[in-house]
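Take a look at the structure set out below.
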Amino acid sequence: MTVKVRFAPSPTGFLHIGGVRTALFNWLYARHAGGEFHLRIENTDTSREVAEATEQIKESLAWLGLDWDGPVTFQLERSERCQVEARRLLAEGKAYEDEGAIRIRMPDEGVTGWDDAVRGPVEVPSEELEDLIILRSDGRPTYNFASPLEDWLDGITHVIRGDDHVSNTPKQIRVLEALGAEIPVYAHVGNVLGTDGKKLSKRHGAVGVDEFRREGYLPEALVNYLALLGWSYDDKTTIMSREELVERFTIERVAGSSATFDYEKLEWMNGVYLRALGEDAYAAALTTFLGEQGLGWDAELARRTVPIVHEKLVKLGRYPEYAGFFFHDVTLDAKLLDRKTLEAAGGVLAELDPFETEAIEQALRLLPESLGLKPRQAFQSIRVAVTGSNVSPALFESIELLGREKTLERLRTAAALAGD
RNA sequence: GCCCCCAUCGACUAGCGGCCUAGGUCACAGCCCUUUCAAGGCUGCAGCGCGGGUUCGAAUCCCGCUGGGGGCACCA
C-alpha cells in the first residue's frame with residue numbers, strides 16, 4: 001500500500017511555524033516511505049478565506065523545499081460530492097434533517113476509539129459525540145464532514161496533524177464509517193507552543209515563514225530545527241541534512257507532548273548552517289538576501305566582504321548592522337575615540353604601499369607601543385573610527401576593503417570629533 | 001463545567017524495569033585562544049511535578065492528585 005499523506009491548511013492567513021512543522025512531518029513521512037505528499041486547501045468557510053493566503057502558503061512550502069505531489073486541491077471544489085454523500089447518508093437513514101441542515105447520527109453508547117500512531121490507544125465515550133451537522137442549511141459541508149470525506153476520496157493512508165485535532169478524530173471516524181470508507185492511521189503530534197507556553201496560532205505569537213526568511217534564516221536550518229521539535233533520531237544527533245532527515249524519520253519517534261519554540265537554538269543552528277556553506281554559496285545566499293531586503297547595496301562589494309563576515313553571523317539579517325559601514329557613512333561616539341591614536345594611524349596609513357591587510361597590520365602593530373597604549377585600546381579606537389562600532393569584522397581586513405581614501409577620511413573625521 | 005491529550009535540566013530531547021552516579025544539544029557561568037565580536041577548545045551549573053502502589057529492583061508499569069495544553073459551533 002502506497003503511503004499517502006496530506007497537509008491541509010485553511011487559507012485564513014500566512015503559514016505559521018506550527019503549521020510548517022506539521023507539514024514537515026507529513027512531508028518527511030511521505031518521502032521516507034516513498035509515498036505521496038498532497039497539499040489540500042480547506043476553504044470550506046469562504047467567509048474567512050484570505051485571497052493571498054493560498055499563494056503565500058505555496059510559496060512558503062516551496063522555499064522550505066517541501067514539494068507536494070499532484071495538483072493542489074481545494075475543499076470547495078468537492079462540495080457537490082459532499083452533498084451527494086450527505087443525501088446518500090440521508091437515504092440510508094444514517095443521517096437526518098434538522099431545520100434544513102443535515103445531521104449525522106452518532107452512536108450513543110460504547111466508545112469510539114483508534115490506535116494513534118504517536119499516542120497509542122485513545123478512546124472517547126460515544127455519548128460525548130453529538131449528532132453533528134454535516135451539511136449546513138445553505139448546502140455547504142462542514143469541516144468535520146468535508147475533511148474526512150476528502151481523505152477518503154484522496155485515498156489518504158495516514159493523517160498526521162496537530163494535537164488540537166484529537167477531539168475531532170472520533171467524529172471523523174464515525175463519518176468515515178457511515179460513508180463506508182476505510183479508516184486511515186491517525187498520528188497526533190504535540191503542538192508547538194510560544195515562549196509563554198500557549199499554542200502558536202495566527203492570532204497568537206504569530207510567526208510566519210516569510211518572517212524567518214526576511215530575518216535571514218536558511219531554509220535548511222529551519223527544517224533541521226523544526227524536525228527536532230517533537231522528533232528525535234537518537235540521543236546524540238542534532239545536525240542533519242534534509243536527506244538524512246528523510247532517511248531517518250519515523251512516526252514512532254515522534255513525541256506526543258507539546259514543545260516550546262526556542263529562537264536561540266534556531267539561531268545557533270542557523271549559524272552552523274551558515275558557517276558550513278562554502279564561500280561561493282555564502283556569497284550567493286548573502287547577495288540574494290540583500291537583494292530581497294531592497295537596500296540597493298553593491299553586490300560585488302558584499303561579495304568581497306564574505307571572507308570576513310562568513311564565520312561571524314548567526315543569521316544574514318545581522319549583516320546590515322555588522323557590515324553596513326562598507327556601504328554607508330558611520331556615526332561616531334566621541335567617547336570611544338582617542339585623537340592621538342587616530343592621527344598616528346592616519347599618518348601611517350597615508351603613505352602605506354601596498355594598501356593590503358598584511359602591510360596594514362604590520363604598520364598599525366607598531367602604534368600602541370609608541371603611544372604607550374595597550375594594543376586593545378589603540379585598535380578599539382581605530383575600529384570605532386573606521387567601522388562606527390566597537391564590534392566589527394576583523395579590523396585590518398576591513399581597512400583594506402574599505403580602501404585608503406575612505407579610511408583616511410573616517411580617521412580624520414573621527415580625530416576632529418575626538419577633541420582632546 | 002464536561003471530554004481528551006501531555007508531564008525528564010530554563011528550552012528541545014535520549015531513556016521504552018536493572019547498562020542511570022540520568023546522556024546529548026541550545027542557553028547560562030568560568031577558563032583558554034584573541035585587535036573587537038563571533039567561532040573553536042576545555043570545565044562547570046542544572047532535571048525525572050507530588051503521593052500511593054506493583055516489583056528483589058522504577059525516570060521507566062498501575063492508580064490518584066497537581067500542573068500544562070487542546071476541544072466541546074450551521075469555524076477550520
Side-chain angles (χ1 to χ4, degrees), chain A residues 8-12 41-45 47-49 75 98-103 113 116 118-120 122-125 127-130 132-147 162-171 188 190-193 195 197-199 202 225-239 252-253 255-269 271-272 274-275 308-314 318 322 361 364-365 368 374-384 387 389-398:
Chain A
S10 59
T12 52
I41 304 296
E42 301 207 320
N43 57 348
T44 311
D45 184 10
S47 66
R48 281 174 40 182
E49 186 163 352
Q75 200 155 73
D98 178 20
E99 288 174 39
I102 296 178
R103 283 184 191 276
D116 199 284
V118 341
R119 281 154 214 278
V122 180
E123 284 188 341
V124 177
E127 57 182 343
E128 298 294 327
L129 274 27
E130 307 192 297
L132 62 95
I133 291 183
I134 54 175
L135 222 56
R136 301 174 172 92
S137 39
D138 65 4
R140 286 155 52 225
T142 56
Y143 166 76
N144 274 316
F145 184 54
S147 185
D163 200 358
D164 45 330
H165 284 287
V166 258
S167 55
N168 287 325
T169 304
K171 301 174 195 170
H188 290 96
N191 277 128
V192 178
L193 272 27
T195 322
K198 291 273 189 292
K199 178 184 170 238
K202 280 157 209 156
Y225 175 74
L226 249 20
L228 256 22
L229 215 51
W231 174 82
S232 63
Y233 174 56
D234 58 15
D235 59 337
K236 296 211 157 60
T237 317
T238 304
I239 302 296
E252 292 72 59
R253 294 198 59 87
S257 47
S258 44
T260 305
F261 192 88
D262 183 6
Y263 280 91
E264 292 186 318
K265 189 161 181 178
L266 203 219
E267 282 204 354
W268 164 78
M269 193 173 280
V272 171
L274 240 20
R275 273 174 256 123
I308 56 175
V309 299
H310 186 60
E311 305 264 305
K312 307 279 193 162
L313 301 179
V314 77
R318 292 273 166 76
Y322 190 66
E361 174 162 8
L364 293 182
R365 285 260 178 225
K374 296 207 163 124
R376 199 186 195 80
Q377 301 170 305
F379 294 145
Q380 269 317 78
S381 191
I382 299 171
R383 182 188 307 281
V384 170
T387 72
S389 166
N390 49 20
V391 175
S392 82
L395 182 58
F396 312 122
E397 284 83 348
S398 293

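Predicted, not measured: the structure shown is a model, and the values here were computed from it. In what follows, every chain begins at residue 1, and chains take the letters A, B, ... in the order their sequences are listed.
Across A/Glu42 and A/Pro11, no two heavy atoms sit closer than the pair O-CD, 3.4 Å.
The nucleotide whose nearest atom lies closest to any side-chain atom of A/Lys236 is, among B/G24, B/C3, B/A11, B/G24. Of the listed nucleotides (B/A7, B/G70, B/C74), B/C74 has the atom at the smallest distance from the side chain of A/Glu99. Side-chain proximity of A/Lys312 to B/C37, B/U35, B/C4: nearest is B/C37. With B/U36, B/A76, B/C5 as the candidates, the nucleotide lying closest to the side chain of A/Val122 is B/C5. Counting only heavy atoms from C-beta on, A/Asp163 has its side chain closest to B/C5 among B/A76, B/A39, B/C5. Listed nucleotides: B/U25, B/C74, B/U36. Nearest to the side chain of A/Arg383: B/U36. In the set B/U35, B/C37, B/C74, B/C37 carries the atom at the smallest distance from any side-chain atom of A/Val391. When distances run from any side-chain atom of A/Asn191 to the nucleotides B/G70, B/A39, B/C12, the shortest one goes to B/G70. Here B/C4 is the nucleotide among B/C26, B/C4, B/U35 with the atom lying nearest to any side-chain atom of A/Val166. With B/A76, B/C74, B/C6 as the choices, the nucleotide that has an atom nearest any side-chain atom of A/Arg119 turns out to be B/C6.
Across all strands, A/Ser137 comes closer than 4.0 Å to base atoms (heavy-atom distances). A/Gly230 comes within 4.0 angstrom of the backbone, heavy atoms only, and of no base. A/Tyr322 comes within 4.0 angstrom of a nucleotide base, judged by non-hydrogen atoms across all strands. No contact: A/Glu361 has no heavy atom under 4.0 Å from any strand. At a threshold of 4.0 angstrom between heavy atoms, the contacts of A/Ser392 include nucleobase atoms, whether or not backbone atoms are also involved. Using a 4.0 Å heavy-atom criterion, one finds that A/Arg376 contacts the sugar-phosphate atoms exclusively. Residue A/Leu228 is in sugar-phosphate contact alone, with no base atom involved, counting any heavy-atom pair closer than 4.0 Å across all strands shown. Counting non-hydrogen atoms under 4.0 angstrom, A/Asp138 reaches nothing in the nucleic acid. Residue contacts for A/Arg253: at a heavy-atom cut-off of 4.0 Å it reaches the sugar-phosphate backbone alone, with no base atom in range. Using a 4.0 Å heavy-atom criterion, one finds that A/Ala394 contacts the bases of the nucleic acid, with or without backbone contacts as well. A/Ile133 comes within contact range of at least one nucleobase, with a heavy-atom separation under 4.0 Å. Using a 4.0 Å heavy-atom distance criterion, A/Arg365 is classed as a base contact. At a threshold of 4.0 angstrom between heavy atoms, the contacts of A/Asp116 with the nucleic acid are absent.
Separation of atoms CG (A/Asn191) and NE2 (A/His165) is listed at 9.0 Å; rounding is to 0.5 Å. Here the CD atom belonging to A/Glu267 is positioned 11.0 Å from the CG atom belonging to A/Leu274, to the nearest 0.5 angstrom.
Between B/A27 and B/A11, the distance separating the two C1' atoms is 8 Å to the nearest Å. Comparing the C1' positions of B/G18 and B/C31 gives an interatomic distance of 39 Å, to the nearest angstrom. With C1' as the reference atom, B/A76 and B/G70 are 15 Å apart, rounded to whole Å. Rounded to the nearest Å, the gap between the P atom of B/U60 and that of B/A22 is 15 Å. Comparing the same atom, C1', in B/C33 and in B/C16 gives a spacing of 44 Å after rounding to whole Å. When the C1' atom is compared between B/A58 and B/U8, the two are found 14 Å apart, to the nearest whole Å. For B/G30 and B/A39, the P atoms lie 15 Å apart once the distance is rounded to whole Å. If you take atom P in B/C37 and the same atom in B/A29, they sit 14 Å apart, rounded to whole Å.
The main-chain N or O of A/Arg383 is found under 3.5 Å from a side-chain atom of A/Thr387 such that the two form a donor-acceptor pair.
An OP1 or OP2 oxygen of B/G69 is reached within less than 4.0 angstrom by no side-chain nitrogen or oxygen of A/Ser258. A close approach under 4.0 Å does not occur between any side-chain nitrogen or oxygen of A/Arg103 and OP1 or OP2 of B/A73.
A perpendicular orientation is assigned to the rings of A/Tyr225 and A/Phe261, their planes being inclined by more than 60° (bins at 30° and 60°).
With RNA chain B read from its 5' end, the first of the two nearest nucleotides for A/Leu395 and A/Asp262 is the one closest to A/Asp262. Between A/Thr142 and A/Leu313, the residue anchored closer to the 5' end of RNA chain B is A/Leu313, taking for each the nucleotide with the nearest heavy atom.
A salt bridge is defined here as a Lys NZ or Arg NE, NH1 or NH2 lying under 4.0 Å from an Asp or Glu carboxylate O, and A/Asp138 with A/Arg140 meets this definition.
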